[in-house]
A.B. asks: 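Got a structure here, written out as structure tokens. Questions coming.
Keep in mind that this is a model prediction, so the values were computed, not measured.
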Amino acid sequence: VQLQASGGGLVQAGGSLRLSCAASGRTFSSYRVGWFRQPPGKEREFVGIVSSSGGATYVGSVKGRFTISRDNAKNTVYLQMNSLKPDDTAVYYCAATSSTYPQPRDPALYDYWGQGTQVTVSS
């Protein structure tokens, strides 16, 4: 499975962005796909994950603002980000996992990674 994240950019606080994670590989639909972000000078952190059937869970700091969805027919996962804050500034990554942990927050549990896309939120 190969993943490619896109859709990042510069947005003002309160604005919205939608990131996409396009995948190749016939087995993509069987993987859960997570989103991570890495703020400047900090470690990569878990944002949320979507199951193969479309159910998603999120870390508390983005719950209610971010929505993860997937279109298996298009081999694509989306991260809709609303009410963006300057603290959301980071490089965002998508990653696919075969792990059975309910909410795998450890990047080491992920099998495939996209290249990252920069999101910058200005105040």
A.B. asks: What's the spacing between Thr97 OG1 and Tyr112 OH if we round to 0.5 Å?
C.D. replies: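 The distance works out to 10.5 Å.
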
A.B. asks: Grab the two heavy atoms, one from Ser83 and one from Arg65, that are nearest each other, plus how far apart they are.
C.D. replies: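 Scanning both residues completely, I find the closest heavy atoms to be O-NH1, 2.9 Å.
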
A.B. asks: Could you grab the distance from atom OH of Tyr110 to atom SG of Cys94, nearest 0.5 Å is fine?
C.D. replies: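 Separation between the atoms: 11.0 Å.
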
A.B. asks: Do the side chain of Thr117 and the main chain of Ala5 share a donor and acceptor less than 3.5 angstrom apart?
C.D. replies: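 Side chain of Thr117 to backbone of Ala5: no pair is present.
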
A.B. asks: Side chains of Ser6 and Gln4: any donor to acceptor distance under 3.5 Å?
C.D. replies: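 The answer is no; no qualifying pair exists.
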
A.B. asks: Tell me the closest heavy-atom pair linking Asn82 and Ser16, and the distance in Å.
C.D. replies: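 Closest approach of Asn82 to Ser16, heavy atoms only: OD1-OG, 2.9 Å.
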
A.B. asks: Is the shortest heavy-atom distance from the side chain of Val77 to the side chain of Trp35 under 4.5 Å?
C.D. replies: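 Answer yes - side chains close enough.
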
A.B. asks: Are Val62 and Arg37 packed together at the side-chain level, in the sense that at least one heavy-atom pair is separated by less than 4.5 angstrom?
C.D. replies: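 The answer is yes, as the side chains (C-beta and beyond) meet within the 4.5 Å cut-off.
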
A.B. asks: Minimum heavy-atom separation for Ser52 and Ser29, please, with both atom names.
C.D. replies: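 For Ser52 versus Ser29, the nearest heavy atoms are CB-O, 2.9 Å.
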
A.B. asks: Before giving the answer on side-chain contact (heavy atoms from CB on, under 4.5 Å), spell out for Tyr101 and Asp106 the whole-Å C-alpha distance, their side-chain angles and the decisive distance to 0.1 Å.
C.D. replies: CA-CA 10 Å; Tyr101 277 83; Asp106 184 349; over 6 Å; no

A.B. asks: Could you tell me which non-hydrogen atom of Glu43 sits nearest to which non-hydrogen atom of Gln38, and how far apart they are?
C.D. replies: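 Heavy atoms only, the tightest pair is C-CG, 4.0 Å.
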
A.B. asks: Which pair of heavy atoms, one from Pro40 and one from Thr89, lies closest together, and at what distance?
C.D. replies: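 Minimum heavy-atom contact is CD-O, 3.8 Å.
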
A.B. asks: Do the non-hydrogen side-chain atoms of Arg32 and Pro104 ever get within less than 4.5 Å of each other?
C.D. replies: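 Yes, their side chains come closer than 4.5 Å.
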
A.B. asks: Check whether any side-chain heavy atom of Tyr31 lies under 4.5 Å from a side-chain heavy atom of Asp111, and answer yes or no.
C.D. replies: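 Yes. Closest side-chain heavy atoms under 4.5 Å.
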
A.B. asks: Does a side-chain heavy-atom distance below 4.5 Å link Met81 with Val119?
C.D. replies: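 They are in contact (side-chain heavy atoms under 4.5 Å apart), so the answer is yes.
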
A.B. asks: For Thr76 and Lys74, indicate whether the former's side chain and the latter's backbone hold a donor-acceptor pair under 3.5 Å.
C.D. replies: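 Side chain of Thr76 to backbone of Lys74, a donor-acceptor pair under 3.5 Å: yes, one is there.
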
A.B. asks: Between Phe36 and Trp113, how do the two ring planes meet: parallel, tilted or perpendicular, split at 30° and 60°?
C.D. replies: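 Correct class here is tilted.
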
A.B. asks: Any side-chain heavy-atom pair from Tyr93 and Leu19 closer than 4.5 angstrom?
C.D. replies: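 They are not in contact (no side-chain heavy atoms under 4.5 Å apart), so the answer is no.
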
A.B. asks: Let me see the working for Thr27 and Val1 under side-chain contact (heavy atoms from CB on, under 4.5 Å), right down to the final yes or no.
C.D. replies: CA-CA 8 Å; Thr27 61; Val1 176; 3.9 Å; yes

A.B. asks: Within 45° of the ring axis of Tyr78 and under 6.0 Å from its six-membered ring centre, is that where the NZ or CZ of Arg18 lies?
C.D. replies: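 Yes, Arg18 lies over the aromatic ring of Tyr78.
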
A.B. asks: Group every Ile, Leu, Val, Met, Phe, Trp and Tyr by side-chain heavy-atom contacts under 4.5 Å, then state whether Leu10 and Leu17 land in the same group.
C.D. replies: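 Different clusters: Leu10 never reaches Leu17 through Ile, Leu, Val, Met, Phe, Trp or Tyr contacts under 4.5 Å.
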
A.B. asks: Other residues, nucleotides and ligands only: do more than 12 of their heavy atoms fall within 6.0 Å of CD on Gln80?
C.D. replies: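 Yes, because the 6.0 Å sphere around CD of Gln80 holds more than 12 heavy atoms from other groups.
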
A.B. asks: Within 45° of the six-membered ring axis of Phe28 and under 6.0 Å from that ring's centre, is NZ or CZ of Arg70 located there?
C.D. replies: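 Judged by the rule (NZ or CZ under 6.0 Å from the ring centre, within 45° of its axis), Arg70 counts as positioned above Phe28.
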
A.B. asks: When you measure from the side chain of Arg105 to the backbone of Phe46, do you find a donor-acceptor pair of N or O atoms at a distance under 3.5 Å?
C.D. replies: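 Judged by distance alone, no pair lies under 3.5 Å.
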
A.B. asks: Please name the pair of heavy atoms, one in Ala96 and one in Leu3, separated by the smallest distance, quoted to 0.1 Å.
C.D. replies: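 Taking Ala96 first and Leu3 second, the nearest heavy atoms are N-CD1, 3.6 Å.
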
